[in-house]
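One structure is given below, encoded as structure tokens.
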Amino acid sequence: MFVALCCLSIATVSSIAESANAVDPRDVAARIASLREAALASILAKERRIVEIGDKLRTSGLELCPDERRLLWGVVTASEHELVALRLVPYKSRRKASNEVEILWLAPDSPADRAGLEVGDIVLSADGKRLKKSSNLYRRVSDKDRKTVPVRYRRGDEEGVVSMPLVLGCFTAASLWHSDSVNAYKGYFGVYLTSGILRFATSDDELAVILGHEFGHAILRTGGKPHFEAEADYIGLYLAARAGYDIETAPGLWRRMGLRNPYGLINAEYEKFGSHPRSPARVLALDAAVQEIREKQKAGLPLEPEVPE
Amino acid sequence: MSRPHRHSRVLVGLVGLLSLTLACIAPKRLAPPEVAVEETNELSDDLAGEGLDAMREDVARLRKLTDPLRLLAADRCPDAIVPYVGVMLETVTQAEPTPLDRARSLRGVAVNPTVVEVMPDSPAARAGLQRGDIIRSFNGHRTIFYGNFMDRLWLDSDEAPLLEIERSGDRLDVQLAYQAACTGPPVLYLSGALGTWHRSWGTERLYVPRGLMDFVDSDDELVIVIAHELAHMALDSTRESRRMTRELEVRADRMGLELALRAGYDIHAAVGIWERLAIQRPWMITRDRKLESRGSRVNHSHVAARALLMPSLITELESK
């Protein structure tokens with residue numbers, strides 16, 4: 001009896017749902033397609049912005065990272081698997097979606113562009129090593145004194161090999177992390193900015209300061225302790241200055257970070273328990289570092305961070 | 001004197017090797033500028049004050065948008081009625097004050113709930129409550145420690161409570177008369193998130209993240225999202241509702257738009273805002289993988305289906 005009642009109520013509910021929902025499934029499919037197109041365009045615009053700023057920092061900071069030099073491509077890539085996970089293409093099971101690295105965008109005059117690669121190409125291998133995912137693009141290259149590296153690709157049904165000019169940059173290219181939290185990370189496979197921090201930062205200069213901090217961690221091979229964070233801030237500012245960004249925005253950025261959540265402002269005795277220095281301490285340290293860099297620029301000295309004696 | 005252990009050479013060698021390895025992988029060190037603690041503390045207090053003012057501004061904006069909707073909906077949420085007073089309260093902690101606590105103390109906030117803002121034309125305004133009033137007791141009970149949970153006290157008490165107020169050193173009694181409102185006092189969530197959410201148990205609250213408040217182009221758009229969430233809080237409290245989530249989305253959309261329209265907002269904002277939010281979070285475009293792969297059935301939580309239904313819903317509501 002109870003089961004029968006349940007069935008009846010479900011049937012009633014679904015009939016209500018269908019009557020109220022008088023939309024043509026074909027219209028819905030078309031709308032979903034257009035929404036996905038807009039979402040992909042929005043993500044691509046964000047990724048492009050991050051790669052453009054990140055690659056400038058990677059190039060101009062090359063002297064500062066003798067141990068962390070990797071290929072510079074100037075591309076935005078994605079695999080079908082990543083697009084499925086973001087629901088940007090119709091659903092496919094994990095096994096069926098491919099992991100091949102497809103080029104979605106190329107920076108004009110970038111090494112990949114000069115090699116003759118095009119949007120839509122699948123990168124199969126670089127420097128003789130097969131690519132299993134996007135981060136494999138930035139594996140360490142064996143011989144850094146060569147002029148070119150071989151890149152095997154597939155365009156449509158045809159495969160080919162091009163020699164890409166060997167240009168190096170610090171660590172890996174930066175990319176987008178799909179999260180609304182206002183944050184940035186340096187992980188083992190790369191440097192990430194969240195969509196939240198892209199909305200929070202008001203200019204490319206501020207993004208360069210944030211990216212500089214994360215690349216700073218990669219160069220210093222550090223993270224997770226307040227004094228390391230201070231050093232990453234410091235070298236990050238040098239990276240941004242070397243790439244020609246306006247570093248005067250840096251203290252203001254950290255000021256706004258502090259204002260954003262006043263509950264995060266803590267007393268001095270609790271600073272040692274946190275992973276990062278207090279926002280006000282970062283504001284003051286960055287203020288001083290901006291002065292230091294300005295003086296070096298005026299005196300025509302090389303922009304290299306100070307090391308302890 | 002004892003002879004050194006015969007394995008000590010091996011030990012020294014191992015320790016040496018270990019320290020050599022450590023030296024190789026040890027991080028490089030730099031010499032960033034030093035910062036004085038006193039100066040940092042000073043700036044910390046300044047930032048706390050500035051941040052508190054900005055936070056109060058945002059909370060006031062939220063309350064200005066949400067309170068009228070909750071009052072308007074009072075006849076439509078019989079299971080989710082709560083007493084409404086119309087004050088913004090703050091407290092400070094007694095032990096180990098943080099920079100934010102110091103900023104609040106400087107602005108006259110006490111350990112007991114302190115009135116920061118009185119909503120115009122609310123029960124609190126009619127009872128004569130003012131900014132800076134400290135609520136010392138409530139129907140004879142001390143209010144210390146209640147802080148942000150005053151609405152629980154109000155919920156559990158009779159219809160006309162007596163408050164003992166401290167105003168510029170004087171004590172006075174204030175008789176309060178509640179107004180009925182739908183549940184869902186808004187809380188400013190200090191995050192970059194774009195989605196609102198609510199809790200329908202315990203102390204019911206509507207969480208609105210700062211990320212969303214910055215993302216919307218106008219108050220109209222923010223009201224559309226808030227009203228939809230309030231409608232859920234009003235409708236989801238019934239037991240049968242748990243089973244019919246799809247139908248519920250349409251009901252919440254309809255009720256939300258009705259509320260926004262009655263409160264005097266432009267409901268045409270609803271056409272764009274849901275899709276703009278979905279473009280920022282593409283995984284919201286189609287939430288149900290199975291339904292999508294079947295391709296025939298339409299899910300109500302589809303942003304796409306919703307966007308197609310919205311224009312006719314708006315015309316229907318406006319013609320009423």
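Remember, it's a predicted structure, so these values are computed and weren't measured experimentally.
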Roughly how far, to the nearest 0.5 Å, is CD of B/Glu275 from OG of A/Ser34?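 A/Ser34 atom OG to B/Glu275 atom CD measures 6.5 Å (nearest 0.5 Å).
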Find the one option among A/His178, A/Arg255, A/Glu292, A/Lys46 whose heavy-atom pairs under 4.5 Å with chain B are most numerous.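 Among A/His178, A/Arg255, A/Glu292, A/Lys46, the one with the most close pairs to chain B is A/Arg255.
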Please report the shortest heavy-atom distance between A/Arg31 and B/Leu308, naming the atom on each side.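 What the structure gives for the nearest pair is NH1-CD2, 4.1 Å.
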What's the shortest heavy-atom distance between A/Pro262 and B/Ala48, and which atoms?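 Of all heavy-atom pairs spanning A/Pro262 and B/Ala48, the closest is CB-O, 4.4 Å.
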For chain A, which of [options] has the most heavy-atom pairs under 4.5 Å?
{"options": "B/Glu34, B/Arg281, B/Gln280", "result": "B/Gln280"}
{"options": "B/Ala54, B/Ala193, B/Ala103", "result": "B/Ala193"}
{"options": "B/Leu30, B/Leu190, B/Leu43", "result": "B/Leu30"}

Step by step, would you call B/Thr98 with A/Ile266 a side-chain contact (heavy atoms from CB on, under 4.5 Å)? CA-CA 6 Å; B/Thr98 63; A/Ile266 47 171; over 6 Å; no
Measure [X] against the heavy atoms of chain B and call it side chain, backbone, both or neither at under 4.5 Å.
{"X": "A/Leu286", "value": "neither"}
{"X": "A/Arg278", "value": "side chain"}
{"X": "A/Ala285", "value": "both"}
{"X": "A/Asp287", "value": "neither"}

Show, in sequence, the C-alpha distance, side-chain angles and deciding distance for A/Arg199 and B/Asp214, and conclude whether the side-chain contact (heavy atoms from CB on, under 4.5 Å) test is met. CA-CA 9 Å; A/Arg199 284 193 287 271; B/Asp214 294 338; over 6 Å; no
Start with the C-alpha gap between A/Leu265 and B/Leu100, add the side-chain angles, then the distance that decides, and say whether side-chain contact (heavy atoms from CB on, under 4.5 Å) holds. CA-CA 7 Å; A/Leu265 295 165; B/Leu100 186 60; over 6 Å; no
Would you say A/Phe200 has more than 12 foreign heavy atoms packed within less than 6.0 Å of its CZ?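 Counting other residues, nucleotides and ligands, CZ of A/Phe200 exceeds 12 neighbours.
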Enclosure of A/Trp177 CH2 (heavy-atom neighbours >12, cutoff 6.0 Å):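 Open.
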Do any of residues 310-320 of chain B come closer than 4.5 Å to chain A, heavy atom to heavy atom, and if so which ones, in number order?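 Expected list: none.
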List in chain and number order the residues that pass side-chain contact (heavy atoms from CB on, under 4.5 Å) with B/Asp58, two or more places apart in sequence or in another chain; answer none if no residue qualifies.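 B/Asp58 satisfies side-chain contact (heavy atoms from CB on, under 4.5 Å) with B/Leu188, B/Arg210, B/Met213 only.
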Using only atom types and a distance under 3.5 Å, with no angle test, would you say the side chain of A/Asn267 pairs donor to acceptor with the backbone of B/Pro97?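 It does hold such a pair.
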